[in-house]
Amino acid sequence: MIKFPFSISLGQKILIIIGCYVFGLLSMFVISQKDLKTVSEKLEVIELAYGLNNVVLEIRRYEKNFFLYETTEALESNKHHLKDGIASVEHMEASGAKLKAQPLFRQLKQTLEKYQEAMAELSRGFYETYVIEQGELTDNIRAYGQEMVELSDKLVGFEHSQIQSILGELSRQLVIWSLVALLIGIIIPILMSFNVLRPLQIIKEATRSIAKGEFKKVSVLNTRDEMQQVLEAFNTMVGELERRQDQLVQSQKLSSIGTLSAGIAHQLNNPLNNIYTSCQIARSDFDTSDPDFIKQMLKNIDQETSRARGIVLSLLEFAREKEFTLRMENLKDIINRAVQLVRSQVPASIKVSVEVPRKLNLPMDSQRMQEVFLNLIINACQAIHGPGSIDISARISPDGKNTVISVHDSGDGVSKEIRDRLFDPFFTTKDEGMGTGLGLSITYGIIQKHNGEITVESARGEGTTFLITLPMHTEMSRE
Ligand code: ADP
């Protein structure tokens with residue numbers, strides 16, 4: 001993945017990429033403009049070279065005519081074209097000072113001048129006798145003529161190949177720039193997806209989890225820009241939400257304790273009464289009774305004190321704020337403790353049954369799970385009017401990976417509309433002051449923290465069943 005080695009903002013990254021792109025386009029424009037200008041200069045030269053080539057051929061044609069028919073017209077036409085030829089080479093030499101063909105121009109001009117000198121000498125002799133004397137001079141003229149033709153052909157060929165190579169170079173540049181543009185076209189979306197789309201996707205998925213009550217921190221991508229800062233800020237927010245959620249759990253727990261307190265006072269009242277009565281009897285019969293009877297009374301007092309102590313301790317244990325920790329705990333013990341805490345709340349007309357295998361141990365946070373069962377049992381009690389039953393059972397799933405716990409009540413049940421909102425925070429159908437609407441949303445959060453799932457099945461008038469699925473094995477300590 002493309003990473004910038006230093007810290008720059010997203011805006012700067014985009015500017016750098018666009019800058020590179022514009023720079024590339026401009027360079028391509030400047031280079032191709034330069035090449036096109038050279039091509040047009042070359043085309044001018046090639047046109048002149050073709051013209052010169054024709055002039056040279058004309059010179060040679062009149063030279064041949066002159067040698068064949070020995071006429072003054074042929075000689076004059078040869079002279080005339082020769083002058084044109086020399087003027088044309090001089091023009092090319094002057095206008096194309098930077099051209100690579102300069103040595104060829106010079107060579108051609110020298111040959112033309114030598115030819116002109118030789119023709120001038122021949123012409124002087126001819127005008128005296130009107131006869132051409134064949135010999136070294138005519139041989140030289142033919143040789144120079146031949147050289148002129150070869151040089152002008154060479155000049156045309158040379159310019160031709162120059163144009164070809166510039167066009168080749170231009171098309172090579174075009175291919176390179178197209179590839180660069182294609183590459184940038186691929187890199188920009190990749191960069192965008194790494195820098196913007198991926199972090200957004202991560203946040204989108206994380207917000208979905210948060211909506212479900214899972215406070216998962218996202219992995220921060222090392223993009224060293226605003227997106228990294230957004231992800232870091234997001235994680236801070238998740239941490240804060242988690243802290244608040246824990247506070248809510250605690251306040252809901254205190255509210256449950258409030259609900260339980262009347263029943264617990266009642267529960268405490270029984271052992272206290274027994275202690276009081278045993279004390280009274282022991283005091284009044286102290287002098288008359290035998291020591292065994294007094295011992296029995298003291299034993300009663302001891303037993304009832306332990307009972308009262310047990311009730312107070314379990315309440316204190318429940319109320320204490322503790323770190324979330326997963327340990328192998330016995331499911332039946334946790335459920336029994338919860339049932340014990342609410343027992344005094346449950347009217348005699350409601351039968352509570354617990355059918356959980358004795359040796360079923362699972363990774364759990366005992367306090368949080370006790371809170372779950374308390375919430376479910378209290379809700380179930382409140383949904384039953386008159387006689388009814390609350391059945392709690394557990395079984396291991398067929399694949400052996402999970403435990404499925406069912407909390408069923410024969411209460412009123414709820415309509416589909418209400419059922420879909422049961423786990424929403426602050427959703428309650430109870431009268432003001434009677435319900436906070438937090439119990440089930442907190443229950444949901446606790447089960448999520450255990451890597452488990454909770455669902456509800458209910459229909460109006462047909463009771464309600466909460467199904468909790470908990471993994472048999474999981475990493476043992478989670479924040
Ligand atoms: P609260 O009990 O404070 O209202 P909860 O989140 O525990 O908050 O429950 C939300 C709502 O779900 C309750 O008000 C009640 O209408 C409904 N509910 C919960 N458990 C049951 C149940 N076992 N049977 C019928 N309705 C239930």
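Numbers for residues simply follow the sequence, beginning at 1. Numbering of ligands and ligand atoms starts at 1, following listing order. The shown structure was predicted, so the numbers you read here are calculated from the model rather than taken from an experiment.
- Checked against ring pair (Phe, Tyr, Trp, His ring centres under 6.0 Å), Phe423 has the following partners two or more places apart in sequence or in another chain: Tyr444.
- Sorted by first and then second residue, the pairs that involve residues 170-180 and meet salt bridge (Lys or Arg N to Asp or Glu O under 4.0 Å), not counting sequence neighbours, are Glu169-Arg172.
- Sorted by first and then second residue, the salt bridge (Lys or Arg N to Asp or Glu O under 4.0 Å) pairs involving residues 345-355 (not counting sequence neighbours) form an empty list.
- No hydrogens or angles considered: nothing links the side chains of Gln367 and Glu371 as a donor-acceptor pair under 3.5 Å.
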Distance dump, ligand 1 polar atoms to protein, N/O, under 3.5 Å:
from	atom 1	to	atom 2	distance (Å)
ligand 1	2 (O)	Asn379	OD1	3.1
ligand 1	2 (O)	Lys430	NZ	2.5
ligand 1	3 (O)	Thr436	N	2.8
ligand 1	3 (O)	Gly437	N	2.8
ligand 1	4 (O)	Thr428	OG1	2.5
ligand 1	6 (O)	Gly439	N	3.4
ligand 1	6 (O)	Leu440	N	2.8
ligand 1	7 (O)	Asn379	ND2	2.9
ligand 1	7 (O)	Leu440	N	3.4
ligand 1	8 (O)	Gly437	N	3.4
ligand 1	14 (O)	Thr428	OG1	3.2
ligand 1	14 (O)	Thr429	N	2.8
ligand 1	14 (O)	Thr429	OG1	3.2
ligand 1	16 (O)	Thr429	OG1	2.3
ligand 1	23 (N)	Asp409	OD2	2.9
ligand 1	24 (N)	Thr464	OG1	3.3

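- Between Ile294 and Ala282, the shortest heavy-atom contact is CD1-O, 3.7 Å.
- Taking a cutoff of 4.0 Å between a charged side-chain nitrogen and a carboxylate oxygen, Arg421 and Glu417 do not qualify as a salt bridge.
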